[in-house]
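Report on one structure; see the data block that follows.
Worth knowing before you read on, the calculation uses all heavy atoms, side chains too, and leaves out hydrogens, waters and symmetry mates.
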2 protein chains.
Amino acid sequence: MMELTRKGEYAIRGIVYLAAQPDDKVCLLSDIAAAVDVPATFLAKIFQQFSKIGLVKSYRGTGGGFLLGRLPENITLLEVVEAVEGPIIPNRCVVGAGECTRDLSCTVHPVWKRVQEQVRNVLEGVTLKDLAGE
Amino acid sequence: MMELTRKGEYAIRGIVYLAAQPDDKVCLLSDIAAAVDVPATFLAKIFQQFSKIGLVKSYRGTGGGFLLGRLPENITLLEVVEAVEGPIIPNRCVVGAGECTRDLSCTVHPVWKRVQEQVRNVLEGVTLKDLAGE
DNA sequence: CCCTAACAAGACATTTTTTATCCTTTTAGG
DNA sequence: CCTAAAAGGATAAAAAATGTCTTGTTAGGG
Ligand code: SF4
Ligand code: SF4
């Protein structure tokens with residue numbers, strides 16, 4: 001259980017690659033895809049999602065491509081993952097009140113809250129700078 | 001991401017209900033299913049899995065039914081979840097070496113290891129006794 | 001011995017999610 | 001204009017989740 005999808009894995013590979021490039025280097029999607037071994041059309045969709053929320057900046061036309069939207073040290077793995085996979089939700093009752101009619105008295109509910117918190121903490125503690133290495 | 005499936009949720013509800021019953025009470029599947037609001041045929045499959053690994057004991061025929069295989073304080077939530085959902089695997093590379101050809105030098109790999117460990121710790125720290133309440 | 005109660009096991013069906021691919025549109029440079 | 005490149009939308013195949021159904025097995029009781 002709790003498995004990251006391909007999409008998530010690809011997303012991370014792609015943006016970490018971007019983070020490892022020189023700051024101002026505009027990268028072609030096709031190059032990124034080849035480098036991290038991901039289908040280019042699929043990666044395109046992923047980067048569109050990144051672009052919409054500003055995780056990456058994109059430029060169209062000749063000389064276009066992608067670069068990071070912020071400094072690598074200011075982008076956490078949590079943001080990246082949630083951008084493409086949605087929020088970290090170990091069980092639907094952690095979304096909010098009323099998702100499960102049992103949540104008020106449920107003894108399991110707090111456990112999922114803790115799981116959510118722990119996972120978020122780990123992912124939030126890692127930035128793209130950490131992942132891109134030196 | 002990381003969402004528990006219905007199966008997992010149902011499994012927990014079912015076995016927690018069982019843990020909340022008097023120690024020697026043999027429970028009918030149909031009663032459990034009704035009590036925790038789960039399709040009986042689906043819950044049957046789940047309890048069959050429990051039964052195979054000894055989490056619950058089952059008796060057939062008239063007067064048959066289910067009861068816990070061990071004391072509630074000796075069954076962790078981790079066991080219950082893994083019994084029906086499989087191992088906690090945030091990313092396939094945590095399964096073992098060779099699952100991903102990149103795992104040797106991958107900077108993300110250790111992060112998933114940490115996530116796995118944290119989640120397991122939380123779930124392992126909760127027993128059915130805790131969940132069944134007084 | 002037979003009948004009924006209850007779980008076990010396996011096959012089957014439906015829906016949803018994942019994992020893409022393709023085609024058209026928009027934007028920008030030269 | 002012509003070409004490069006990303007954006008957006010439609011579509012499709014494969015896999016997983018979510019059940020259901022039928023048949024088999026085990027046990028108790030008359
Ligand atoms: S853990 Fe409790 S509150 Fe959450 S979905 Fe399950 S029953 Fe509902
Ligand atoms: S995190 Fe690294 S080792 Fe794990 S699957 Fe992704 S690339 Fe492979």
Side-chain angles (χ1 to χ4, degrees), chain A residues 1-15 18 25-34 36-69 81 83-87 89-92, chain B residues 1-15 18 25-34 36-69 81 83-87 89-92:
Chain A
M1 77 166 291
M2 313 227 116
E3 202 153 352
L4 192 71
T5 64
R6 293 286 171 92
K7 187 177 177 186
E9 166 69 19
Y10 293 167
I12 296 169
R13 284 197 216 167
I15 203 166
L18 210 55
K25 166 137 185 243
V26 181
C27 295
L28 291 187
L29 180 75
S30 53
D31 290 347
I32 305 172
V36 300
D37 193 30
V38 169
T41 55
F42 200 175
L43 194 63
K45 293 300 178 193
I46 293 167
F47 269 60
Q48 279 170 31
Q49 287 188 263
F50 283 158
S51 183
K52 271 189 211 165
I53 61 175
L55 272 189
V56 304
K57 280 184 286 199
S58 72
Y59 299 97
R60 303 208 248 196
T62 314
F66 295 91
L67 38 73
L68 274 194
V81 169
V84 295
E85 301 263 17
I89 298 185
N91 202 348
R92 71 189 133 306
Chain B
M1 77 167 292
M2 315 228 113
E3 201 152 353
L4 192 71
T5 65
R6 292 287 170 94
K7 188 177 176 186
E9 166 70 19
Y10 292 166
I12 296 169
R13 282 197 216 168
I15 204 166
L18 210 55
K25 166 135 186 245
V26 181
C27 296
L28 291 185
L29 179 73
S30 53
D31 290 347
I32 305 172
V36 300
D37 193 29
V38 169
T41 56
F42 201 174
L43 194 62
K45 293 298 179 195
I46 293 166
F47 269 60
Q48 279 168 32
Q49 289 187 260
F50 283 159
S51 183
K52 271 188 213 168
I53 60 174
L55 273 188
V56 305
K57 280 184 286 199
S58 72
Y59 299 98
R60 304 210 250 195
T62 315
F66 294 91
L67 38 73
L68 275 193
V81 169
V84 295
E85 301 263 17
I89 297 185
N91 202 349
R92 73 189 132 303

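- Per the geometry, CG belonging to Asp31(A) stands 13 Å off C1' belonging to dA4(D), to the nearest Å.
- Partners of Glu3(B) according to the side-chain contact (heavy atoms from CB on, under 4.5 Å) rule, which considers only residues two or more places apart in sequence or in another chain, are Ile89(A), Arg92(A).
- Rounded to whole Å, atom P of dT18(D) lies 12 Å from atom CE of Met1(A).
- Distance CG (Asp37(B)) to P (dG19(D)): 11 Å, rounded to an integer number of Å.
- At a threshold of 4.5 Å between non-hydrogen side-chain atoms, the residues Val81(B) and Met1(A) count as touching.
- The two residues Leu18(B) and Leu68(B) have their closest heavy-atom pair at CD2-N, 3.8 Å.
- Heavy-atom minimum distance, Val84(B) versus Gly8(B): CG2-CA, 3.9 Å.
- Near DNA chain C, defined here as any heavy-atom distance below 4.0 Å, the residues from residues 54-62 of chain A are Arg60(A), Gly61(A), Thr62(A), listed numerically.
- Atom-to-atom, CD of Gln49(B) to P of dA9(C) comes out at 11 Å; the value is rounded to the nearest Å.
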request  = Begin with the C-alpha distance, continue with both residues' side-chain angles, and end with the deciding distance and a verdict on side-chain contact (heavy atoms from CB on, under 4.5 Å) for Ile32(A) and Arg13(A).
outcome  = CA-CA 9 Å; Ile32(A) 305 172; Arg13(A) 284 197 216 167; over 6 Å; no
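- For the OP1/OP2 pair of dC21(D) and a distance below 4.0 Å, the side-chain nitrogens and oxygens of Thr41(B) include no atom meeting the criterion.
- Atom pair Phe42(A):CZ and dA7(D):P shows a separation of 16 Å (rounding to whole Å applied).
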inquiry  = I need a per-nucleotide contact map over nucleotides 8-17 of chain D, read 5' to 3'. Cutoff is protein heavy atoms under 4.0 Å; write B for the base, S for backbone only, - otherwise.
reply    = BB--------
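- Annotation: side-chain hydrogen bond (donor to acceptor under 3.5 Å, both in side chains) contacts of Glu85(B) (sequence neighbours excluded): Thr5(B).
- Taking 4.5 Å as the limit, some side-chain heavy atom of Ile12(B) sits within range of a side-chain heavy atom of Leu4(B).
- Summary of helix geometry: the two end axes of the helix from dC1(C)-dG30(D) to dG30(C)-dC1(D), each defined by five base pairs via their C1' atoms, are inclined to each other by 0° (rounded to 10°).
- Here dA8(C) presents its P atom at 13 Å from CD1 of Ile53(B), a figure rounded to the nearest Å.
- Side-chain atoms of Val36(B) and Tyr10(B), non-hydrogen and from C-beta on, never get closer than 4.5 Å to each other.
- Rounding to whole angstrom units, CG of residue Leu43(B) and P of dT20(D) are separated by 12 Å.
- Remark: Phe66(B) CZ to Ile15(B) CD1 distance equals 10.5 Å, nearest 0.5 Å.
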Using distance only, find each side-chain donor-acceptor pair of residues 47-63 of chain A under 3.5 Å and give its atom names and separation, not counting sequence neighbours.
residue	atom	partner	partner atom	Å
Gln49(A)	OE1	Lys7(A)	NZ	2.9
Gln49(A)	NE2	Ala83(A)	O	3.3

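- Heavy atoms of Ser51(B) sit under 4.0 angstrom from primed sugar atoms or phosphate atoms, though from no base atom.
- The side chain of Leu28(A) approaches dA6(D) more closely than any other nucleotide in the set dG19(D), dA6(D), dA20(C).
- Between Leu29(B) and Ala44(B), the shortest heavy-atom contact is CD2-CB, 3.4 Å.
- Atom C1' of nucleotide dA5(C) and atom CZ of Phe66(B) are separated by 13 Å, given to the nearest angstrom.
- Under the side-chain hydrogen bond (donor to acceptor under 3.5 Å, both in side chains) criterion, Thr41(A) pairs with no residue at all, not counting sequence neighbours.
- Tyr10(A) comes within 4.0 angstrom of the backbone, heavy atoms only, and of no base.
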